[in-house]
Protein chains: 2
Amino acid sequence: MLDDEYRYKILKELQQDPNMSQRALAKRLEISLGKTNYCLNALIEKGMIKADNFKNSTNKMGYLYLLTPKGIEEKIALTQRFLQRKLKEHETLEKEIEQLRQEVKT
Amino acid sequence: MLDDEYRYKILKELQQDPNMSQRALAKRLEISLGKTNYCLNALIEKGMIKADNFKNSTNKMGYLYLLTPKGIEEKIALTQRFLQRKLKEHETLEKEIEQLRQEVKT
DNA sequence: TTATCATCGTTCACCAATTGAACACCCTCC
DNA sequence: GGAGGGTGTTCAATTGGTGAACGATGATAA
């Protein structure tokens with residue numbers, strides 16, 4: 001459940017916008033709230049993310065999910081690993097498409 | 001469970017080699033025997049495939065899973081739909097890769 | 001013939017992953 | 001105080017997928 005993909009995506013989204021509820025995160029990643037909560041807590045557990053309780057100046061209260069230095073490093077590593085995987089997928093996909101085109105010709 | 005992908009793949013494999021056990025099919029598609037059985041029966045139910053009981057000349061008995069005319073048509077339609085989807089995926093993937101490359105630069 | 005072995009399709013109890021309604025809590029505003 | 005809207009957390013329920021086990025059938029050996 002805690003595969004690279006979601007670890008990467010969560011770190012990415014939170015780095016970009018640490019002020020983001022778990023619900024917003026869930027919507028963005030197109031996964032359930034429960035799964036989001038599970039993955040996020042795992043990242044916190046591992047010291048990748050620090051959850052800061054904080055109050056917005058005017059209105060609502062909320063959390064800030066900030067990447068720790070370790071989290072930032074991890075995110076970089078994951079990005080590279082993720083890119084490699086995507087490149088492999090890309091290669092595979094192109095072969096598949098070529099094959100499908102051949103098939104359509106017939 | 002009976003998504004386009006497996007319908008397409010099953011029709012393709014069986015068109016190519018109608019003499020193929022469900023176990024062999026399962027291995028080829030990298031899905032479980034149970035799922036293979038379920039999908040295949042659904043295709044039979046819909047009249048896409050006809051299961052002929054038949055005896056091999058020399059040794060074993062087995063089934064022939066032959067595509068019906070309707071099945072052949074369906075397979076063509078699925079191939080095209082599948083190709084379209086793969087092209088979309090391809091586009092998406094390239095964007096993702098580009099984005100990842102940008103990110104790695106930083 | 002009978003027994004054994006291999007292979008077939010079918011079944012279904014089991015496991016893992018995922019979901020989201022429900023809950024407790026906090027804050028603001030009336 | 002109470003209503004309303006936002007939090008994160010929980011967990012019963014559903015879903016999807018698995019493959020061992022089963023009965024049937026034909027080939028093969030005794």
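Residue numbers begin at 1 in each chain, while the letters A, B, ... track the order of the sequences. Note that the structure is predicted; figures quoted are calculated from it, not measured. Basis for what follows: all heavy atoms, side chains included, without hydrogens, waters or symmetry-related copies.
- The side-chain heavy atoms of A/Thr36 and A/Leu29, taken from C-beta on, include no pair separated by under 4.5 Å.
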Short N/O separations, protein against nucleotides 9-11 of chain D, under 3.5 angstrom:
residue	atom	partner	partner atom	Å
D/dT9	OP2	A/Gln22	NE2	3.1
D/dT9	OP2	A/Asn37	ND2	2.4
D/dT9	OP2	A/Asn41	ND2	3.3

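- Taking atom CD1 of A/Ile31 as the reference point, atom P of C/dT19 lies 7 Å away to the nearest angstrom.
- Smallest separation of non-hydrogen atoms from B/Thr68 and B/Gly47: OG1-O, 2.6 Å.
- Spacing between atom CG of A/Asp52 and atom C1' of D/dG8 amounts to 15 Å, rounded to whole angstrom units.
- Taking 4.0 Å as the cut-off between side-chain N and carboxylate O, B/Glu89 and B/Lys86 count as a salt-bridged pair.
- Separating the CD atom of A/Glu30 from the P atom of C/dA17 is a distance of 21 Å, rounded to the nearest angstrom.
- Spacing between atom OH of A/Tyr6 and atom C1' of C/dT18 amounts to 10 Å, rounded to whole angstrom units.
- Within the 4.5 Å cutoff, no side-chain heavy atoms of B/Glu45 are placed close to those of B/Asn41.
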Where do A/Leu14 and A/Ile49 land on the side-chain contact (heavy atoms from CB on, under 4.5 Å) test, with the steps shown first? CA-CA 9 Å; A/Leu14 291 181; A/Ile49 291 175; 3.6 Å; yes

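- Spacing between atom NZ of B/Lys35 and atom C1' of C/dG9 amounts to 19 Å, rounded to whole angstrom units.
- Salt bridge annotation for A/Lys9-A/Glu5: present, with a cationic side-chain nitrogen under 4.0 angstrom from a carboxylate oxygen.
- Dashed line: the shortest gap from a side-chain N or O of B/Ser32 to OP1 or OP2 of D/dG17 is not under 4.0 Å.
- Regarding A/Tyr63, its OH atom lies at a distance of 10 Å from the P atom of C/dC26, rounded to whole Å.
- Between A/Lys27 atom NZ and D/dG6 atom P the separation is 11 Å, expressed in whole Å.
- The distance between atom CG of B/Leu14 and atom C1' of C/dG9, rounded to the nearest whole Å, is 14 Å.
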